[in-house]
Amino acid sequence: MRLSQLPLTTFKEVPAEAEVISHQLMLRAGMLRRLASGLFTWMPLGLRVLRKVEQVVREEMDRAGALELLMPAVQPAELWQETGRWDLYGNLLLRMRDRHEREFCFGPTHEEVITDIARRELKSYRQLPVNYYQIQTKFRDEIRPRFGLMRAREFLMKDAYSFHLDHASLQKTYEAMADAYATIFTRLGLRFRPVEADSGEIGGARSQEFHVLADSGEDAIVYCDADDFAANLEMAPALAPATPRSAATQRLDKVSTPNQRTIDEVCDLLDIPAQQCLKTLVVAAADGGLIALVLRGDHELNPIKAAALPGVAAPLRLADAAEVQAAAGCPPGFIGPVGVTLPVIADHSAAVLADFVCGANEDGFHLAGANWGRDIPEPETADLRNVVAGDPSPGGGGPVRIARGIEVGHIFELGDKYSRAMNASVLDQDGKESPMLMGCYGIGVSRIVAAAIEQNHDDNGIIWPEPMAPFQVVIVVLNPKKSESVTAAADALYDDLQNAGVEVLVDDRKARPGVKFADADLLGMPHRLTVGERGLAAGQVEYRERRSGAEEKLALDDVVKFIQAKLGPAPA
RNA sequence: CGGGGCAUGGCGCAGUCUGGUAGCGCAUCUGCUUUGGGAGCAGAGGGUCGGCGGUUCGAAUCCGUCUGCCCCGACCA
């Protein structure tokens with residue numbers, strides 16, 4: 001493509017609406033334009049990236065034996081009413097009516113539609129297993145769209161749904177999808193990690209997320225270098241400490257801590273570490289009462305673990321100040337387990353503390369030298385907290401590390417949730433009706449584009465992984481108007497590279513060199529060739545690698561070979 | 001949804017408090033000079049100042065209202 005033929009406007013300044021770097025850079029590079037909140041137009045260069053990601057996904061899904069189809073973006077309410085999700089999905093569903101006042105939604109996902117297809121098409125176990133997939137635009141009316149493409153309302157997703165007679169078959173496909181996903185993200189040139197995940201609202205048994213590692217990621221993922229443990233922070237178990245509680249040595253002492261509401265404030269005042277404090281959180285109980293959850297002062301409550309406890313209301317709800325006052329007789333900052341009338345559940349780490357500080361259940365006072373068993377009944381214990389870096393890995397390999405990740409893929413063993421609700425069954429070997437087991441496998445195609453930039457950029461702009469770059473090579477032509485020979489050389493190079501199967505963007509605009517270099521960096525093509533009078537006089541062009549900035553002078557005749565070597569073998 | 005902020009040319013902003021008919025930088029167009037990391041000079045085009053209503057001789061500016069966009073939202077115990 002010739003840049004002179006593309007109306008490309010790049011910005012030096014960062015558009016005020018863009019918060020995250022991927023959004024800023026795509027706007028600045030003219031790859032993306034916003035239409036409304038969470039709605040974007042993919043401009044020509046950006047679309048090339050999206051299509052490349054899409055194509056890699058498609059190839060690997062096909063290779064894994066999945067069958068591509070395309071379902072409608074708009075779906076009738078009746079299907080959603082069959083599974084009950086018409087009501088459950090709430091405001092995330094964009095609803096609409098047609099001219100006959102029939103209700104529809106713009107599909108946020110396609111379990112209902114595919115299950116409807118499956119129950120019509122699949123009648124015999126002999127047809128199974130089947131894995132259908134599509135690459136389709138979805139719409140979720142997010143409460144707060146943000147971060148550009150990372151949490152857009154309209155987005156491009158690959159979703160696959162598999163159907164099975166038995167669990168062994170489902171597991172086999174699930175594993176095949178996990179493998180395919182790893183291949184996809186590897187082929188795209190992204191640093192990623194599969195992690196054990198909460199299956200959340202979709203329901204079902206096993207579930208894994210695939211995260212692109214980036215400091216700006218919304219999710220915390222916990223992993224261990226020494227074993228293969230990796231999990232979303234939401235799901236990562238915190239093991240109970242191996243060392244037993246030490247004996248009490250201090251006497252219980254009431255200390256004045258006026259207006260010291262936070263752990264930090266109390267610790268500062270008393271000059272003790274947060275690990276020697278307890279924090280007590282009051283949450284709603286399932287029976288309508290309240291429950292006190294006790295954590296070590298330096299630990300954070302994990303709301304998913306807490307809500308999963310029997311007796312605790314799900315979803316988790318923290319008591320407000322008035323409820324705490326009524327239950328414990330003090331403001332929230334001063335509550336503690338000693339003498340409290342609420343049921344107490346302590347985190348494993350909190351339960352092994354001795355001689356600790358906690359709230360005194362009296363405004364302005366804490367207790368020091370408190371001990372379980374002596375001052376407080378031995379508590380019920382549970383895993384309540386978020387794992388922190390350095391905790392022992394559940395895999396047994398050693399301390400865990402925590403990294404930020406952007407969720408770009410998610411696979412589930414769904415089971416029979418939808419097939420039962422929608423009566424999707426086949427006849428088994430014995431001629432008996434059997435509800436099909438399902439798996440579902442999603443990839444956020446448009447989100448991958450943003451995640452790739454979050455992971456791969458510098459101060460000058462985007463650094464596309466080669467397989468995603470809109471073009472593999474950009475040719476910067478210096479002062480083409482001034483020099484016939486430069487223009488001729490650039491044109492020849494352009495033709496030669498294209499004939500060799502290389503995707504080339506040639507910057508033949510009438511612009512100053514500085515502008516072209518800056519735009520080349522911003523747009524992020526991995527390989528740059530510069531054709532100018534100076535080099536040409538010596539029969540050379542200049543090569544520069546975007547990521548490293550490494551430069552090299554090349555003889556004109558060697559360029560095609562050189563670039564081909566850089567690009568490596570074409571993917572199979 | 002709750003809280004906060006913003007809305008002035010394609011982008012970034014000033015002007016609003018103290019009302020007098022809109023300005024700067026970038027971008028765009030023309031010409032000349034320049035030409036290896038976002039050039040200089042000269043000129044030009046482009047704005048219902050988010051919408052509606054009100055106050056006023058007069059509103060970007062004051063008042064009301066609506067809309068749009070952005071940010072934050074258990075982590076205090």
Side-chain angles (χ1 to χ4, degrees), chain A residues 7-20 23-24 27-28 30 33-39 90-91 143-148 257 259-267 274 277-284 292-304 306-307 315-321 323-325 327-328 330-337 340 357-361 363 366 384-386 459-461 476-483 486 509-522 528 530-537 541-542 544 549 551 553:
Chain A
L8 177 72
T9 309
T10 59
F11 306 138
K12 270 187 273 195
E13 285 161 308
V14 178
E17 68 184 41
E19 176 77 357
V20 294
H23 192 195
Q24 292 174 355
L27 291 173
R28 286 184 53 205
R33 294 293 182 240
R34 187 186 66 85
L35 177 63
S37 181
L39 302 179
N91 288 331
I143 298 173
R144 182 144 86 88
R146 55 182 146 176
F147 305 145
T257 52
N259 297 317
Q260 310 294 300
R261 292 163 193 286
T262 69
I263 291 285
D264 286 347
E265 288 167 351
V266 171
C267 289
C277 278
L278 290 189
K279 71 165 101 173
T280 305
L281 290 84
V282 180
V283 301
L293 303 180
V294 177
L295 296 166
R296 212 170 76 185
D298 58 326
H299 286 152
E300 274 186 4
L301 180 68
N302 178 309
I304 291 186
L316 195 71
R317 184 182 71 80
L318 263 76
D320 61 30
E323 288 175 295
V324 171
Q325 184 76 43
C330 66
F334 299 96
I335 189 168
V340 79
V357 169
C358 62
N361 298 317
D363 195 353
H366 280 73
L384 293 178
R385 68 178 175 93
N386 283 335
D459 290 345
N460 295 323
V476 172
V477 191
L478 299 181
N479 307 309
K481 287 283 184 291
K482 190 174 141 193
S483 166
V486 166
R509 294 176 299 177
K510 180 178 172 247
R512 298 172 57 82
V515 173
K516 295 189 178 192
F517 290 136
D519 276 347
D521 284 352
L522 177 61
R528 188 184 84 189
T530 304
V531 181
E533 251 184 344
R534 191 189 295 172
L536 217 51
V541 299
E542 192 173 292
R544 183 181 169 101
E551 298 193 347
K553 295 207 189 308

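Convention: sequence-line order gives letters A, B, ...; per-chain numbering from 1.
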Working to the nearest 0.5 Å, report the span between [atom1] of [X] and [atom2] of [Y].
X        : Y        : atom1 : atom2 : value
A:Gln325 : A:Asp363 : CD    : CG    : 7.0 Å
A:His299 : A:Ile263 : NE2   : CD1   : 11.5 Å
A:His366 : A:Ile335 : NE2   : CD1   : 10.5 Å
A:Asp519 : A:Leu8   : CG    : CG    : 6.5 Å
A:Arg509 : A:Lys481 : CZ    : NZ    : 12.0 Å

Can you tell me, in whole Å, how much space there is between the [atom1] of [N] and that of [M]?
N     : M     : atom1 : answer
B:C62 : B:C49 : C1'   : 15 Å
B:U28 : B:U67 : C1'   : 30 Å
B:A39 : B:U48 : P     : 31 Å
B:A59 : B:U18 : C1'   : 14 Å
B:U30 : B:G68 : C1'   : 37 Å
B:C24 : B:G19 : C1'   : 22 Å
B:C41 : B:G46 : P     : 23 Å
B:G40 : B:G9  : P     : 24 Å

G-U wobble or Watson-Crick pairing nucleotide for [N] (cut-off 3.5 Å, both distances):
N     : answer
B:G2  : B:C72
B:U56 : none
B:A7  : B:U67
B:A39 : B:U33
B:A22 : none
B:U48 : none

Looking across every strand, which nucleic acid part, if any, lies under 4.0 Å from [X] by heavy atom: base, sugar-phosphate, or nothing?
X        : answer
A:Ala18  : nothing
A:Leu281 : base
A:Glu19  : sugar-phosphate
A:Val282 : nothing
A:Arg33  : nothing
A:Gly532 : base
A:Leu27  : nothing
A:Gly535 : base
A:Arg28  : base
A:Asp521 : base
A:Arg544 : base
A:Asp519 : base
A:Thr280 : base

### Summary
Assign each of A:Leu522 and A:Gly336 the nucleotide of RNA chain B bearing its closest heavy atom; nearer the 5' end lies the nucleotide of A:Leu522
#### Entry: Nearest-nucleotide comparison on RNA chain B, the residue closer to the 5′ end among A:Pro303 and A:Lys12
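The residue mapped nearer the 5' terminus is A:Lys12.
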### Query
Does the side chain to side chain contact (heavy atoms under 4.5 Å, CB included) test come out yes or no for A:Thr530 and A:Arg544, once each step is laid out?
CA-CA 8 Å; A:Thr530 304; A:Arg544 183 181 169 101; 5.9 Å; no
### Query
Is there a side chain to side chain contact (heavy atoms under 4.5 Å, CB included) between A:Leu478 and A:Glu533 once you walk through the steps?
CA-CA 8 Å; A:Leu478 299 181; A:Glu533 251 184 344; over 6 Å; no
### Task
For A:Val486 and A:Gly532, work out which heavy atoms get closest and say how close.
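Closest approach of A:Val486 to A:Gly532: CG2-C, 3.8 Å.
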### Summary
Heavy-atom nearest pair, A:Phe147 first then A:Glu19, reads CE2-CG, 4.3 Å
### Query
Hey, where on RNA chain B does chain A first and last touch, going 5' to 3'? Cut-off is any atom under 4.0 Å from a heavy atom.
B:C1 to B:A77
